[in-house]
Amino acid sequence: LFIERNKNNKFMKLVFLLLLFLLGGLFPAQDRARVKHIHEDFQIMASGVDFRGMSHRKFAAKWREQYSSIKESNLVDILIVQDKKTKKYGYVTFDNKKVTPIEYDDAQGFGYPEKIAWVKKNNKWGGINTKGENVIPFLYEETQEFSSSRALVKFKGQWGFVDKDGKMLIPAEYEEAESFHYNTDYTKAKKNGLWGFINKDGKTLIPFEYDAIRTDDYYPKPKDKIRVVKNGKMGVIDWNNKIIIPFLYANIFPPTEGIHVVFKDGKIGYIKETGEILVSPKYETMWLIFHHYVSRFEKGTALVKLNDKFGFINTQGEEIIPCKYEAVKGSYFREGIIPVRYNGKWGYINQKNEIIAPFVYDEAEYFSNSFSDDSFENGFAKVRRGDKWGYINTQGKEVIPVIYDKLGNYIFKGLCEAKRDEKWGFVNTEGKEVIPIIYDWVNLFNSCGGSIEAHLGKKKFYMDLQGNPKKE
């Protein structure tokens, strides 16, 4: 059966490739070689077959004596090559026909959708189109790819923007600038040592008066506020340059659930996007290297630390879990529950600070809630007492007793791998050992409803999830 299926697969691949070849013949060769970008080619985008990889390798094998470098151009049938003797770059087809003279000091791929490639000549960059015509003059010290129909270029030490025809749309008058991000209509630029925002026409949106504009971890959308630095302190402004959060903080992190984590004088506080102070900076940083993701709001709560103890606050700034716990696993509640350590032992509490599972464990793990497949069961957490493991449910009940040397990391259809006295089997969430713990090792396959492979000495057994024998 396997051999027949394999033959059928090979036959279908041959038919598919033949169809693609015939369809490819419908397109003029000149069009494929000169115009079509990889993103526009149905054979490459839809087939999943590495046509270019195969063609590239064949080309390299045939012409390696002539070229020291062969690179992709992003056009379907064109490559960038470097001549071995002259060390110059140019563009050729897979038949080694020249699309451009091999005369450039450097060459880049064609961008999409403008289909302009930057090439370097006499220490200056210019742009060519898919016909090899010079459409952007060789004037620029540095260039970047097109984004939002504009390319960032450096001219006489200053940055500006050009279009695909080489027209300077935004004058080269900025000391630094960024390309337009994600097809936005604005970007940040630096002028006279200070940063601001400009739009696609070069109009100033945010005046050039800031030491820095923070966009590295979050790029502001048109309705968002903007985190900026002035005189060494960070604040938040809106797009009208109105101050929302004053310039008082060492750092302000992007908001989650409408609330910023702020950092001042080594302490953490919380401020709403509106500028309202939720909690003045008073909490301690979590680790030696502070990361705001640990302290940000998630699912209505934020983990905080005070006097070297951990607790939680809500979105009203209330300390719903007092800072009295020595350690906590994770930074938010799963299934409404989180493991915490108190007086040297681990237990579980809910968002009302009610004890769900007593503080009797030497180790406690998160409740699983990440499985979208219903066969994998959420709502269970693995716990250890001494050197033995078990599982509890969200009511704090030990559904798998804490008697096993090892347990699997998840529960599938009520079953979990279990090890005791160097032997393996399976136990269910009622504490019953469904597959006897007598095997040297076991494996659970979750496909096709689930099956089990078990090894005992040199013998191999296959069974269903109830332990009934199955064929391999």
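Quick note: numbers below take in every heavy atom, side chains included, and nothing from hydrogens, waters or symmetry partners.
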Quiz prompt | Whether Glu173 side chain and Gly160 backbone form a donor-acceptor pair below 3.5 Å | solution =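 No, the answer is negative, given that no donor and acceptor are paired below the 3.5 Å cut-off.
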Exercise. Look only at the side chain of Asp211 and the backbone of Gly232, and say whether a donor-acceptor pair between them is shorter than 3.5 Å.
Key: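 It does hold such a pair.
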Self-check item: Under the side-chain hydrogen bond (donor to acceptor under 3.5 Å, both in side chains) test, residues paired with Thr204 that sit two or more places apart
Solution: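 side-chain hydrogen bond (donor to acceptor under 3.5 Å, both in side chains) check on Thr204 returns nothing, list empty.
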Quiz item: For Gln144, which residues count as a side-chain hydrogen bond (donor to acceptor under 3.5 Å, both in side chains) partner, sequence neighbours excluded?
Solution: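 Here the qualifying residues are Ser179.
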Quiz item: Under 6.0 Å from the six-membered ring centre of Trp239 and within 45° of its axis: does the NZ or CZ of Lys225 meet both?
Solution: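 Verdict for Trp239: no cation-pi partner in Lys225.
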Quiz item: Cation-pi between Lys406 and Trp389: NZ/CZ under 6.0 Å from ring centre and within 45° of the ring axis?
Solution: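 Relative to the ring axis of Trp389, which defines the angle, Lys406 lies outside at least one limit.
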Practice problem: Sorted by first residue and then second, give each salt bridge (Lys or Arg N to Asp or Glu O under 4.0 Å) pair with at least one member in residues 132-149; sequence neighbours left out. | Solution: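 Residue pairs with at least one partner in residues 132-149: Lys124-Glu141, Glu142-Lys154.
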Quiz item: Taking everything shown except Lys120 itself, do over 12 heavy atoms lie less than 6.0 Å from its NZ?
Solution: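 Atom NZ in Lys120 is crowded, with more than 12 foreign heavy atoms closer than 6.0 Å.
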Quiz prompt | Rounded distance [0.5 Å steps], OH in Tyr186 versus NZ in Lys200 | solution =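 Tyr186 atom OH to Lys200 atom NZ measures 12.0 Å (nearest 0.5 Å).
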Quiz item: Any idea how Tyr342 and Tyr325 line up, ring-wise: parallel (<30°), tilted (30 to 60°), or perpendicular (>60°)?
Solution: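 Because their plane-to-plane angle is over 60°, the rings of Tyr342 and Tyr325 count as perpendicular.
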Quiz item: What class does the angle between the rings of Phe333 and Phe312 fall in, given that below 30° is parallel, 30 to 60° is tilted and above 60° is perpendicular?
Solution: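 It falls in the tilted class, 30° to 60°.
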Quiz item: Do Phe180 and Phe161 make the cut of ring centroids closer than 6.0 angstrom?
Solution: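 Centroid distance Phe180-Phe161: below 6.0 Å, so yes.
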